[in-house]
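Here is the structure we will look at, set down as structure tokens.
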Amino acid sequence: MAKDGTNRGGARLGAGAKKKPLADKIAEGNPGKRPITVISFNDNVGKLEGQEMPKPSEMLSAIQKDGKPLMAAEIYEKTWEWLRERGCSSLVSPQLLERYAMSAARWIQCEEMVTEYGFLAKHPTTGNAQRSPYVAMAQDYMAQTNRLWMEIFLIVKENCASEYSGESPQDDLMERLLTARKGR
């Protein structure tokens, strides 16, 4: 870390040469003249058949210390289904999906702890009030979840012939967070 508190060096998300989305390449008449695969969003997207969902690892539904199962397997399945409906399930690696699902589940778990214990904690040596460590962990997991989601969504965007708009698993995370807080 530099003296001014900023990080230096290393790869940065979104840096480097930009790939054009497939829809832009088609609109420009495929200037590179390489063969392109077209995946199109239309009304019968849900009727497409494809590969079976890779089984999520057992770690994604492991019982946690508080006795509740981790909801990462559910997030994994919902995200894979979303990708399958768009014809992109074979383009995203199961490992990337698992990392996304685990990160999203941990974020929700940290937010549940903030709800249960509050924003403040007692310092272990001085006894003074300090920010709860769950707040910082939740922020870290939220940032990681968003980075992983952008990786997944970039794959979908670069491989689809038309613009996609509509509900995505990332949109559903806040709903999951709110229902988890209610104990459902």
Side-chain angles (χ1 to χ4, degrees), residues 9-62 69-111 138-180:
R12 293 190 179 43
L13 187 64
K18 305 293 184 266
K19 280 184 150 181
K20 282 189 178 182
L22 181 61
D24 292 349
K25 290 179 185 176
I26 291 170
E28 293 173 4
N30 190 16
K33 303 297 180 212
R34 286 180 292 227
I36 53 179
T37 303
V38 176
I39 300 170
S40 129
F41 294 124
N42 53 30
D43 294 337
N44 63 358
V45 167
K47 298 173 187 164
L48 296 175
E49 290 186 27
Q51 65 184 20
E52 287 189 30
M53 179 182 72
K55 186 177 179 186
S57 66
E58 292 179 21
M59 168 182 73
L60 297 181
S61 56
L70 187 63
M71 60 176 36
E74 183 183 339
I75 295 169
Y76 175 94
E77 290 169 6
K78 185 163 185 154
T79 306
W80 190 89
E81 184 63 29
W82 182 84
L83 289 166
R84 186 193 62 77
E85 288 173 357
R86 279 142 195 87
C88 297
S89 58
S90 62
L91 302 173
V92 177
S93 74
Q95 294 79 14
L96 176 57
L97 278 180
E98 284 186 358
R99 286 193 315 265
Y100 169 73
M102 181 61 84
S103 182
R106 292 290 185 210
W107 172 53
I108 291 169
Q109 195 176 32
C110 287
E111 290 294 347
Q139 289 173 341
D140 290 343
Y141 278 116
M142 182 175 54
Q144 179 180 357
T145 300
N146 285 334
R147 278 192 307 273
L148 291 168
W149 175 251
M150 289 310 297
E151 246 182 270
I152 292 169
F153 194 74
L154 187 62
I155 292 169
V156 173
K157 180 181 170 186
E158 288 176 352
N159 289 286
C160 294
S162 60
E163 286 290 320
Y164 173 73
S165 62
E167 189 176 316
S168 74
Q170 183 71 357
D171 299 337
D172 189 47
L173 275 183
M174 188 53 73
E175 182 66 29
R176 287 179 185 279
L177 179 61
L178 295 172
T179 57

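Since the model is a prediction, treat every value here as computed from it, not as a measurement. If you read the sequence from its start, that first residue is 1, and numbering goes on from there. What's counted below: heavy atoms across the whole structure, side chains too, no hydrogens, waters or symmetry copies.
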Original post:
How would you list, by chain and number, every residue that makes a side-chain contact (heavy atoms from CB on, under 4.5 Å) with Pro69, sequence neighbours excluded?
Top reply: Ile63
**OP:** Might you point out which heavy atoms bring Tyr100 and Ile75 nearest each other, and give the distance in Å?
**Re:** CE2-CG2, 4.0 Å
**OP:** Any chance you could measure Cys88, atom SG, to Glu158, atom CD, to the nearest 0.5 Å?
**Re:** 11.0 Å
Subject >> Within the 6.0 Å centroid threshold, strictly below: Trp149 and Trp82 >> reply: yes
Original post:
Roughly how far apart are Leu97 CG and Glu151 CD, rounded to 0.5 Å?
Top reply: 11.0 Å
Subject >> Distance in Å, Met59 CE paired with Met102 CE, rounded so as to fall on 0.5 Å steps >> reply: 4.0 Å
Original post:
Looking only at heavy atoms, which two atoms of Glu111 and Ala138 are closest? And how far apart?
Top reply: OE2-CB, 3.4 Å
Subject >> Presence of salt bridge, Lys78 and Glu81, under 4.0 angstrom >> reply: no
Original post:
Under the side-chain contact (heavy atoms from CB on, under 4.5 Å) test, which residues partner Ile155, sequence neighbours left out?
Top reply: Leu91, Val92, Leu96, Asn159
Subject >> Partners passing side-chain contact (heavy atoms from CB on, under 4.5 Å) against Ala72 (at least two apart in sequence or in another chain) >> reply: Leu60, Leu70, Ala101, Ala105
Subject >> Distance, nearest 0.5 Å, that separates OG1 of Thr145 from CH2 of Trp107 >> reply: 7.0 Å
Original post:
Any idea which heavy atoms bring Leu148 and Ser103 closest together, and the distance?
Top reply: CD1-CB, 4.0 Å
Subject >> Arg106: partners by side-chain hydrogen bond (donor to acceptor under 3.5 Å, both in side chains), with sequence neighbours left out >> reply: Gln64, Gln109
**OP:** Decide yes or no for Pro94 and Tyr76: does some side-chain heavy atom of the first lie under 4.5 Å from some side-chain heavy atom of the second?
**Re:** yes
